[in-house]
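Order of appearance sets the numbers: ligands from 1, and atoms from 1 within every ligand. Index from 1, following the sequence.
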Amino acid sequence: MKVLILSMSLVFFVLSCKQVDKSLEIEKEEVVYDMYQPSEMANLMNEMYAQNLEVKQDILAGKIPTEFPLDFLKIHTAEMSEFKSRNETFQSFSKLFIESEKEIFNTESQIPVEERFNNMVNLCISCHQTECTGPISRIQKLIIK
Ligand code: HEC
């Protein structure tokens with residue numbers, strides 16, 4: 001059980017964008033586990049990841065995605081970890097991201113759905129490059145090759 005808790009907290013720290021020294025965290029594993037409270041934004045991000053993974057699988061299976069997940073609009077308001085701020089760069093990236101996500105569900109678009117999907121993933125990455133680089137390698141796995 002202890003090993004499980006330790007590996008779970010490690011997963012959180014590798015995936016989240018807190019730039020903490022991991023060796024320190026290992027020593028205080030249980031404390032860290034108890035204290036780790038994902039922000040509303042972190043939860044939303046994980047949900048966006050999971051839902052887009054499903055969209056990707058649908059696209060690969062030849063199904064046309066039709067319903068934009070309205071929950072994603074929370075990106076404009078969700079509370080973030082205290083070390084992050086909703087500055088202008090963040091706001092413009094959120095807008096661009098939401099527009100690109102909506103395009104995936106635009107059944108009248110002339111652009112191939114794979115391309116529209118990858119545009120969206122690239123916007124996830126662009127925003128992450130500005131301040132939260134930790135999850136980028138994970139996000140890259142969403143790209144349709
Ligand atoms: C507008 C900027 C922006 C966009 C667009 C964006 N992210 Fe994030 N992401 C963030 C920020 C900021 C955090 C840190 C949130 C916090 O800790 O409060 C984050 C955190 C994350 C995390 C870590 C969550 C955790 O458990 O700590 C993942 C995974 C993630 N994003 C995936 C994605 C995916 C997938 C997309 C696209 C579908 C995406 N992000 C789009 C800014 C963005």
Side-chain angles (χ1 to χ4, degrees), residues 3-61 63-107 109 111-145:
V3 175
L4 181 67
I5 290 174
L6 170 63
S7 48
M8 277 172 66
S9 54
L10 273 181
V11 167
F12 275 130
F13 281 102
V14 172
L15 300 179
S16 76
C17 39
K18 284 187 187 160
Q19 314 283 342
V20 263
D21 181 351
K22 270 176 240 136
S23 55
L24 271 178
E25 301 311 326
I26 292 168
E27 282 159 33
K28 333 181 267 188
E29 43 168 301
E30 306 230 32
V31 183
V32 168
Y33 181 72
D34 289 343
M35 284 171 50
Y36 184 77
Q37 283 286 352
S39 63
E40 195 186 351
M41 184 65 93
N43 285 333
L44 173 66
M45 290 285 160
N46 285 317
E47 195 189 310
M48 293 200 306
Y49 183 91
Q51 291 212 34
N52 277 315
L53 194 61
E54 280 176 34
V55 172
K56 174 183 177 177
Q57 279 152 359
D58 278 354
I59 292 174
L60 290 176
K63 283 188 234 158
I64 303 294
T66 52
E67 238 175 284
F68 169 74
L70 285 173
D71 272 6
F72 286 14
L73 295 176
K74 286 196 213 137
I75 194 170
H76 297 307
T77 52
E79 223 177 275
M80 301 203 254
S81 310
E82 48 201 85
F83 60 101
K84 297 278 161 221
S85 71
R86 205 173 239 106
N87 54 23
E88 254 170 63
T89 320
F90 183 91
Q91 284 174 345
S92 45
F93 273 124
S94 331
K95 269 198 213 124
L96 288 172
F97 163 72
I98 290 294
E99 279 164 25
S100 70
E101 182 81 47
K102 280 188 176 155
E103 266 311 291
I104 301 174
F105 303 91
N106 174 4
T107 47
S109 173
I111 302 166
V113 68
E114 292 82 358
E115 205 174 301
R116 281 177 276 143
F117 184 86
N118 285 346
N119 280 343
M120 175 281 294
V121 180
N122 283 324
L123 276 160
C124 304
I125 296 170
S126 303
C127 184
H128 276 256
Q129 270 160 350
T130 64
E131 52 175 331
C132 171
T133 51
I136 290 181
S137 59
R138 190 174 160 217
I139 299 174
Q140 276 167 338
K141 298 203 181 100
L142 286 174
I143 294 274
I144 298 178
K145 300 237 170 69

* Asked: Side chain or backbone of P135 under 4.0 Å from ligand 1, or both, or neither, by non-hydrogen atoms?
  -> side chain

* Do you see an N/O/S atom of M45, backbone or side chain, under 2.8 Å from atom 8 (Fe) of ligand 1? -> yes

* Select the closest option to atom 19 (C) of ligand 1 among H128, Q129, M41, judged by heavy-atom distance. => H128

* Asked: Which of the numbered atoms in ligand 1 are below 4.0 angstrom from a heavy atom of F93?
  -> 1 (C)

* Hey, does S94 sit under 4.0 Å from ligand 1 if you only count heavy atoms? -> yes

* **C132 near atom 8 (Fe) of ligand 1 via N/O/S, less than 2.8 Å** => no

* Asked: By salt bridge (Lys or Arg N to Asp or Glu O under 4.0 Å), which residues pair with D58, not counting sequence neighbours?
  -> K63

* Please tell me if the side chains of Q91 and H76 come closer than 4.5 Å, counting only heavy atoms from C-beta onward. => no

* Asked: Is the shortest heavy-atom distance from the side chain of M41 to the side chain of I75 under 4.5 Å?
  -> yes

* Using the ring of each side chain (for Trp, its six-membered ring), is F97 parallel, tilted or perpendicular to F72, with breaks at 30° and 60°? -> parallel

* Going by the atom numbers of ligand 1, which of them fall below 4.0 Å from some non-hydrogen atom of F90? -> 1 (C), 2 (C), 12 (C), 42 (C)

* Asked: If you measure every N/O of S81 against every N/O of ligand 1, is any gap under 3.5 Å?
  -> yes

* Using a 4.5 Å cut-off on heavy atoms from C-beta on, say whether the side chain of E88 contacts that of S92. => no

* Using a strict cut-off of 4.0 Å, indicate which atoms of ligand 1 neighbour a heavy atom of N52. => 38 (C)

* Indicate yes or no: at least one non-hydrogen side-chain atom of F117 is less than 4.5 angstrom from one of N52. => yes

* With heavy atoms only and a cut-off of under 4.0 Å, state how R138 meets ligand 1: side chain, backbone, both or neither. => side chain

* Structure fact -> Quick note on ligand 1: atoms under 4.0 Å from a heavy atom of Y49 include exactly 35 (C)

* Asked: So is there a nitrogen or oxygen of N46 less than 3.5 Å from a nitrogen or oxygen in ligand 1?
  -> yes

* To do: With sequence neighbours excluded, tell me which residues meet side chain to side chain contact (heavy atoms under 4.5 Å, CB included) with I136.
  => I125, H128, Q129, T133, Q140

* Are any non-hydrogen side-chain atoms of M45 and P135 less than 4.5 angstrom apart? -> no

* List every atom of ligand 1 that sits less than 4.0 Å from any heavy atom of C127, numbering the atoms from 1 in the order shown and giving each element. => 1 (C), 2 (C), 3 (C), 4 (C), 5 (C), 42 (C), 43 (C)

* To do: Taking the side chain as every heavy atom from C-beta outward, state whether I143 and K56 have any atom pair closer than 4.5 Å.
  => no

* Asked: If we only count N/O pairs under 3.5 Å, is S39 in contact with ligand 1?
  -> yes

* To do: Indicate yes or no: at least one non-hydrogen side-chain atom of I104 is less than 4.5 angstrom from one of N119.
  => no

* **Subset of ligand 1 atoms that lie under 4.0 Å from at least one heavy atom of F97** => 5 (C), 37 (C), 38 (C)

